[in-house]
Amino acid sequence: MKKRIFSGIQPSGLLHIGNYLGAIKNWVELQKDYDCIFCVVDYHAITVPQDPKTLTKETLGIANIYLAAGIDPKKSIIFVQSHVPEHTELAWVLNTISKMGELYRMTQFKDKTQGKEQESAGAGLFDYPVLMAADILLYDTEFVPVGEDQRQHVELTRTLARRFNNRFGETFKMPKVLIKEAGAKIKGLDDPEKKMSKSASSANYIALLDKPDIISNKIKKAVTDSGTEIKFDPEGKPAISNLLTIYHLFSGEEIKDIEVKFQGKGYGEFKEGLAEVVIDYLKPFQKKFFELEKNPDFTKKILKQGAGQVRKIASKKMEEVREKIGVLDI
Ligand code: AMP
Ligand code: TRP
């Protein structure tokens, strides 16, 4: 039996190459060796205000991105979180064994509430990691492939699984985070100290659906380091090292070979080469995405099928949870 993988992305805002290189690209590769479930986590997205029409569109959009990137519904399951109510049901039960202090320590919560009055932060935002734990634990997940920023949430998931199992008897499998080093933390083009982020200015990221001229321009304007050499040195040359990582992941060429290729050439020439690599890679992906966008019924059918498949697993696990905690069965 193949081991199970579970991961998800929120339908909120556009996806950038950091999401792709840190998460989706790895998922595509994992499909052949694992039993994979990929979720569009819409109930996570509403932990910050969402326009209802935009949410509907973006939920389908993320599913289309999964498909266009090469997640194959014949091999893997794709579904939308809200279509399987067991996710929120288990989240409620896990809430009762989660500690406020644990949730306060989550860096994503701290980041998202930074500068704002914590009094007015949403309870859903605070509780976000518990819903994520429910997503993972419902399916006896073995590995959770995500970017570095999600490591802490998977740690919390393990804590909750352990606590539940100790209190009520063995119920949940202990999941492990799966982080591929290259790509786990793609940095912003305008600030190589921080991760690429969709909430930053548009000069920070390359969106997966950016047009070629926009991609070229953003790369041209990307911050560089002092000196002229194209060399991988994350400490001394964080900006160029980030660009080299992007080049490596999109072209499949080894970093040392890329360094040799651009030896004696300046940053300008390297950036032109990089833009070409990124544009060429994204071209077929974008074409597929826009084709899928024209036919929403096709994607909806896949999502419906996916929800049907996972619901069987989720409802069984939830039955077990209800029994373990002693709710009355009728
Ligand atoms: P988010 O957009 O925060 O919902 O993230 C979706 C997925 O992309 C998660 O697995 C993140 O860990 C990953 N991710 C987000 N930003 C980056 C980044 N700059 N570099 C690598 N992975 C990222
Ligand atoms: N919190 C994740 C993010 O922001 C998204 C997510 C929700 C997730 N549930 C999950 C990722 C379960 C992996 C497994 O990227």
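All ligand and atom numbering here is 1-based and tracks the order in the structure.
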Region of D149 that comes within reach of ligand 2 [heavy atoms, distance under 4.0 Å]: neither

K198: heavy atom below 4.0 Å from ligand 1, yes or no? yes

I need the minimum non-hydrogen distance between G188 and N242, along with the two atoms involved. O-ND2, 4.1 Å

Taking atom CZ of F290 as the centre, report whether more than 12 heavy atoms of other residues, nucleotides or ligands fall under 6.0 Å from it. yes

Should E155 and R151 count as an ion pair when the cut-off is N to O under 4.0 Å? no

Does a side chain donor of either Y247 or K261 reach within less than 3.5 Å of an acceptor in the other side chain? yes

Side-chain (Q31) to main-chain (D72) donor-acceptor, under 3.5 angstrom: yes

How does L131 reach ligand 2, by side chain, by backbone, by both or by neither, if only non-hydrogen atoms under 4.0 Å count? neither

Q81, portion touching ligand 2 at heavy-atom distance under 4.0 Å: neither

closest protein heavy atom to atom 4 (O) of ligand 1 is Q10 NE2, 3.8 Å

Could you find the nearest protein heavy atom to atom 20 (N) of ligand 1 and give me its residue, atom name and distance? I186 N, 2.9 Å

Relative to the heavy atoms of K195, which atoms of ligand 1 are at a distance of less than 4.0 Å? 19 (N)

Output yes when a side-chain donor or acceptor of K271 lies under 3.5 Å from a complementary backbone atom of K220, and no otherwise. yes

Heavy-atom contacts with I136 under 4.0 Å: which atoms of ligand 2 show up? List them by number with element. 12 (C), 14 (C)

Is there a donor-acceptor contact under 3.5 Å linking the side chains of D135 and Q81? yes

Please work out, at 4.0 Å between heavy atoms, whether the side chain, the backbone, both, or neither of A184 comes within that distance of ligand 1. backbone

Could you check atom 8 (O) of ligand 1 against the protein and tell me its nearest heavy-atom contact, residue, atom and distance included? N19 ND2, 3.1 Å

Nearest non-hydrogen protein atom, atom 3 (O) of ligand 1: D149 OD2, 4.3 Å

For the residue pair Y20 and F285, categorise the inter-ring angle as parallel (less than 30°), tilted (30 to 60°) or perpendicular (more than 60°). tilted

Could you check whether K176 makes a cation-pi contact with F143, meaning its NZ or CZ is under 6.0 Å from the centre of the six-membered ring and within 45° of the ring axis? yes

Applying side-chain hydrogen bond (donor to acceptor under 3.5 Å, both in side chains) between Y128 and each of H153, K112, H44, Q10, report the one that passes. Q10

Taking only non-hydrogen atoms of G22 and a 4.0 Å limit, the atoms of ligand 1 in range are 21 (C), 22 (N)

Which ligand 1 atoms are under 4.0 Å away from a heavy-atom of Q150? 12 (O)

What protein heavy atom sits nearest atom 23 (C) of ligand 1, and how far away is it? G18 O, 3.5 Å

Residue, atom name and distance, where the atom is the protein heavy atom closest to atom 9 (N) of ligand 2: D135 OD2, 2.7 Å

Numbering as shown, the atoms of ligand 1 that approach K185 to under 4.0 Å (heavy-atom distance): 20 (N), 21 (C)

Report the part of M196 (side chain from C-beta onward, or backbone N, CA, C, O) that has a heavy atom under 4.0 Å from ligand 1; answer both or neither where that applies. both

Among the heavy atoms of I9, does any lie under 4.0 Å from an atom of ligand 2? no

Shortest protein heavy-atom distance from atom 5 (C) of ligand 2, along with the residue and atom involved: G8 O, 3.5 Å

Sequence-distant partners of H87, ring-ring contact (aromatic ring centres under 6.0 Å, His included), two or more places apart: F79, Y139

Students should be able to answer this: which protein heavy-atom is nearest to atom 16 (N) of ligand 1, and at what distance? H16 CE1, 3.6 Å

Select one of side chain, backbone, both or neither to describe which atoms of V144 lie under 4.0 Å from any atom of ligand 2, heavy atoms only. side chain

Got the closest protein heavy atom to atom 2 (C) of ligand 2, with its distance? Q150 OE1, 3.3 Å

Residue, atom name and distance, where the atom is the protein heavy atom closest to atom 4 (O) of ligand 2: Y128 OH, 2.8 Å

Donor-acceptor pair, distance only, cut-off 3.5 Å: does the side chain of T171 make one with the backbone of G169? yes

Apply salt bridge (Lys or Arg N to Asp or Glu O under 4.0 Å) to R162 and list each qualifying residue two or more places apart in sequence or on a separate chain. none

So which heavy atom in the protein is nearest atom 10 (O) of ligand 1, and how far is it from that ligand atom? G147 N, 3.2 Å

Under a 3.5 Å cutoff, is there a donor and acceptor pairing between the side chains of E102 and T159? no

